[in-house]
2 protein chains.
Amino acid sequence: MARAHPAPVVTATLPLSPPPGPRQQRLLLVLREAGRELSARELHQLLEAAQEQQGLATVYRGLKLLQRAGLVRCRRLVNGESVYAPLERDQHHLTCVQCGSSEPLPICPLGGSGLGLTKVLLQGFQPLFHTFEIHGLCARCQQLQAPGHG
Amino acid sequence: MARAHPAPVVTATLPLSPPPGPRQQRLLLVLREAGRELSARELHQLLEAAQEQQGLATVYRGLKLLQRAGLVRCRRLVNGESVYAPLERDQHHLTCVQCGSSEPLPICPLGGSGLGLTKVLLQGFQPLFHTFEIHGLCARCQQLQAPGHG
DNA sequence: GCTAGAACGACAACCATTCTCACTCCTGAG
DNA sequence: CTCAGGAGTGAGAATGGTTGTCGTTCTAGC
């Protein structure tokens with residue numbers, strides 16, 4: 001299965017990248033419908049279940065395109081896995097350095113109103129998305145690590 | 001080479017973790033003397049050059065201990081490598097999603113005064129360090145990607 | 001039908017990190 | 001001193017997410 005898609009369908013006003021093809025739009029749709037971040041593998045499996053399978057390499061390629069097009073954001077979990085979400089979902093996390101668990105953090109350092117950064121700071125850099133994460137010890141791991149407990 | 005170090009030397013007032021042993025103090029010293037973030041492999045090589053070699057696995061173990069002790073921070077580069085720096089070096093970055101290059105960003109979302117977060121937000125979570133990163137396209141990659149150029 | 005070019009899928013390769021396990025060193029007891 | 005127990009370590013294998021390779025398939029144009 002391979003195609004050189006004839007006509008792009010999305011026409012968002014993006015600053016740089018060409019609009020994604022239909023395969024990438026599928027990826028974006030699945031990401032939007034999922035209530036949470038998805039890894040490439042999960043995305044691959046969900047597409048397979050929906051009988052719209054793409055090869056794993058294609059999923060990775062599509063995610064990279066979507067990222068560069070400013071439609072998808074990405075972060076790395078402690079276990080090395082990358083997880084993806086639509087750009088508009090501005091969600092950050094508390095991550096435990098001990099057990100790797102990750103829970104949502106209901107604040108955004110940029111106020112949720114996009115990137116409030118001056119051009120002076122960016123120096124020609126075109127921002128697409130940002131990641132903010134607080135690393136520390138979750139309540140459970142604090143107890144396990146406390147003296148006089150284990 | 002193995003040792004069950006008899007007496008800890010560092011006595012910082014840390015909230016949770018026991019103070020690191022001498023091997024971990026070596027790691028921390030090298031990180032502090034280096035003007036930049038170091039990967040585990042670089043750290044391993046620098047120690048070797050200083051005739052204080054530690055096995056790579058030991059370096060990884062020590063970095064994890066230092067991280068949990070609140071003495072070292074860590075972030076992942078685009079290529080999958082983790083780089084480490086002393087906690088007190090509060091430095092964030094602009095990272096290009098295309099070429100992976102990473103340049104310093106002279107701001108901190110928390111104002112550089114440590115973690116300005118309320119306990120309500122943290123919910124029992126013990127913060128150790130934070131990461132903030134803006135992902136986008138560097139000036140070079142914008143030009144290469146612009147229509148009418150390539 | 002035929003050619004050129006782009007996208008794709010399957011699978012191999014890559015590489016940072018973690019795991020395993022035998023070994024060394026330290027400590028404490030006799 | 002000698003011995004046993006335990007923690008820390010080093011070398012190399014194993015793990016696993018991601019990327020590279022390469023032959024195939026599709027579309028467009030003629």
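Order of the sequence lines sets the chain letters (A, B, ...), proteins ahead of strands, with each chain counted from 1. As the structure is a prediction and not an experimental result, all values here were calculated from the model. Only this structure's heavy atoms are used, side chains among them; waters, hydrogens and symmetry mates stay out.
- When rounded to the nearest whole Å, the span between CZ of A/R23 and P of C/dA6 equals 18 Å.
- Atom P of nucleotide C/dC8 and atom CG of A/L27 are separated by 9 Å, given to the nearest angstrom.
- Atoms CD (A/E52) and C1' (C/dG9) sit 17 Å apart, rounded to a whole Å.
- As a whole-Å value, the separation of B/Q24 CD from D/dA7 C1' is 12 Å.
- Rounding to whole angstrom units, CZ of residue A/R26 and P of C/dG9 are separated by 14 Å.
- Counting non-hydrogen atoms of neighbouring residues, nucleotides and ligands closer than 6.0 angstrom, the CZ atom of A/R89 exceeds 12 such neighbours.
- In this structure, the side chain of A/E33 does not engage the main chain of A/V30 through any donor-acceptor pair within 3.5 Å.
- Side-chain atoms of A/Q142 come within 3.5 Å of backbone atoms of A/L137 as a donor-acceptor pair (strictly under, hydrogens ignored).
- Residues B/R75 and B/S102 bring a donor and an acceptor atom of their side chains to less than 3.5 Å of each other.
- Chaining together hydrophobic side chains whose heavy atoms lie under 4.5 Å apart leaves B/L29 on its own.
- Between the NE2 atom of A/H44 and the C1' atom of D/dG16 there is a distance of 15 Å, rounded to whole Å.
- No donor-acceptor pair closer than 3.5 Å links the side chain of B/H92 to the backbone N or O of B/T131.
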Listed pairs, N/O of protein and of nucleotides 12-14 of chain C, under 3.5 Å:
none

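- One atom, CG of A/L38, and another, P of D/dT18, lie 13 Å apart when rounded to the nearest Å.
- In this entry the distance linking CD of B/Q98 with P of D/dT19 reads 13 Å, nearest Å.
- Atoms CG and CZ, from B/L47 and B/R23 in turn, are 8.5 Å apart once rounded to the nearest 0.5 Å.
- The backbone N or O of B/L87 lies less than 3.5 Å from a partner atom in the side chain of B/R73, making a donor-acceptor pair.
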Exercise for the section: Mark up nucleotides 16-21 of chain C, 5' to 3', with B wherever a protein heavy atom is under 4.0 angstrom from a base atom, S wherever such an atom reaches only the sugar-phosphate, and - elsewhere. Expected result: SSBBB-

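- Between B/R76 and A/E133, none of the side-chain N atoms (NZ, or NE/NH1/NH2) sits under 4.0 Å from a carboxylate O, so this pair counts as no salt bridge.
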